[in-house]
Amino acid sequence: MFGDDDYPVYTMGRAAEITGASQDFLRRLDEAKLITPFRSAGGHRRYSRYQLRLAARAREMVEQGTALEAACRIIILEDQLEEALHQNRKYQQESDAS
C-alpha cells in the first residue's frame, strides 16, 4: 500500500511541506479539480504521492507566472496525453506480439 503512488497517505500539513505549497494552495487545487484528495472518516484530506507530484508541478507553474486555472488545465491535458501514449504503446506491443 505504501508503494502505491495512488494510496492517500499524506495529511494536508505533510502534503504542504513536501510540495512547498500552502494548505490554502492545496485547497484551491481541489476547487480547480486538479486533485481530489481522499477524505478520512473524520473529513480530513489525505493525498497520494501522485497527487503531490501534480501539486508540485502546479506550484512551479504558478510561481513562473501561469494562472492557477491555466496551470491546472495544462497539467490535466499533459496527464491525459501521457496516459494515451502509454495505452498506444501497450496496444502496439500487443499488436506486434500477435
Side-chain angles (χ1 to χ4, degrees):
M1 100 178 129
F2 290 110
D4 183 355
D5 273 359
D6 294 318
Y7 187 76
V9 67
Y10 300 100
T11 63
M12 177 178 271
R14 185 70 180 124
E17 263 180 49
I18 291 169
T19 61
S22 68
Q23 292 183 15
D24 182 59
F25 184 79
L26 293 174
R27 282 187 208 86
R28 290 179 26 219
L29 294 179
D30 186 7
E31 291 167 7
K33 308 278 190 262
L34 178 62
I35 54 177
T36 303
F38 174 79
R39 295 290 184 137
S40 69
H44 299 282
R45 291 174 175 91
R46 296 283 188 261
Y47 297 88
S48 68
R49 283 194 301 246
Y50 172 72
Q51 290 173 322
L52 296 186
R53 285 194 301 273
L54 296 180
R57 175 81 173 112
R59 182 189 54 78
E60 290 170 4
M61 292 179 75
V62 168
E63 285 179 354
Q64 293 173 0
T66 305
L68 178 67
E69 293 78 18
C72 290
R73 187 67 184 140
I74 290 166
I75 293 167
I76 288 167
L77 290 171
E78 288 175 342
D79 197 50
Q80 289 173 343
L81 175 59
E82 182 59 35
E83 178 60 24
L85 292 171
H86 173 74
Q87 290 297 324
N88 191 31
R89 285 189 297 270
K90 180 179 165 185
Y91 294 136
Q92 194 69 338
Q93 289 172 349
E94 290 172 2
S95 175
D96 291 345
S98 300

Undergrad: State the CG-CG distance between Leu34 and Leu29, to the nearest 0.5 angstrom.
TA: 5.5 Å
Undergrad: Side chain to side chain contact (heavy atoms under 4.5 Å, CB included) between Phe25 and Val62: does it pass, once the steps are laid out?
TA: CA-CA 10 Å; Phe25 184 79; Val62 168; 4.1 Å; yes
Undergrad: Please identify each residue that fulfils salt bridge (Lys or Arg N to Asp or Glu O under 4.0 Å) with Arg53, with sequence neighbours left out.
TA: Asp5
Undergrad: List in chain and number order the residues that pass side-chain contact (heavy atoms from CB on, under 4.5 Å) with Glu94, two or more places apart in sequence or in another chain; answer none if no residue qualifies.
TA: Lys90, Tyr91
Undergrad: Which atoms form the tightest heavy-atom contact between Asp30 and Thr36, and what is the distance?
TA: OD1-CA, 3.9 Å
Undergrad: With side chain to side chain contact (heavy atoms under 4.5 Å, CB included) as the test, would you mind laying out the steps for Tyr47 and Ile18 before giving the verdict?
TA: CA-CA 11 Å; Tyr47 297 88; Ile18 291 169; over 6 Å; no
Undergrad: My understanding is that only residues two or more places apart in sequence, or in another chain, count here; which of them pass salt bridge (Lys or Arg N to Asp or Glu O under 4.0 Å) with Glu63?
TA: Arg59
Undergrad: Transitive ILVMFWY cluster of Leu81 at side-chain heavy atoms under 4.5 Å: who else is in it?
TA: Leu85
Undergrad: Sequence neighbours excluded, which residues qualify as salt bridge (Lys or Arg N to Asp or Glu O under 4.0 Å) partners of Arg46?
TA: none
Undergrad: Using the side-chain contact (heavy atoms from CB on, under 4.5 Å) criterion, which residues pair with Ala67? Sequence neighbours excluded.
TA: Glu69, Ala70
Undergrad: Distance from Arg57 atom CZ to Ile74 atom CD1, nearest 0.5 Å?
TA: 7.5 Å
Undergrad: Do Phe38 and Tyr7 sit in one hydrophobic cluster, given that two such residues count as connected whenever their side-chain heavy atoms are within less than 4.5 Å of each other, even indirectly?
TA: no
Undergrad: Can you name the salt bridge (Lys or Arg N to Asp or Glu O under 4.0 Å) partners of Glu82, sequence neighbours left out?
TA: Arg89
Undergrad: Could you pull out all residues at least two apart from Asp24 that satisfy side-chain contact (heavy atoms from CB on, under 4.5 Å)?
TA: Ser22, Arg27, Arg28
Undergrad: Tell me, please, which residues at least two apart from Asp6 pass side-chain contact (heavy atoms from CB on, under 4.5 Å).
TA: Asp4, Tyr50
Undergrad: Sequence neighbours excluded, which residues qualify as side-chain hydrogen bond (donor to acceptor under 3.5 Å, both in side chains) partners of Glu17?
TA: Arg14
Undergrad: According to side-chain hydrogen bond (donor to acceptor under 3.5 Å, both in side chains), who are the partners of Glu83, at least two apart in sequence or on a separate chain?
TA: Gln87
Undergrad: Which heavy atom of Thr19 sits nearest to which heavy atom of Leu52, and what is that distance?
TA: CG2-O, 3.5 Å
Undergrad: For Leu26 and Arg45, what are the C-alpha separation, side-chain angles and deciding distance, and is it a side chain to side chain contact (heavy atoms under 4.5 Å, CB included)?
TA: CA-CA 10 Å; Leu26 293 174; Arg45 291 174 175 91; over 6 Å; no
Undergrad: Within this structure, what is the CD-CG distance for the pair Gln92 and Asp96, rounded to the nearest 0.5 Å?
TA: 5.0 Å
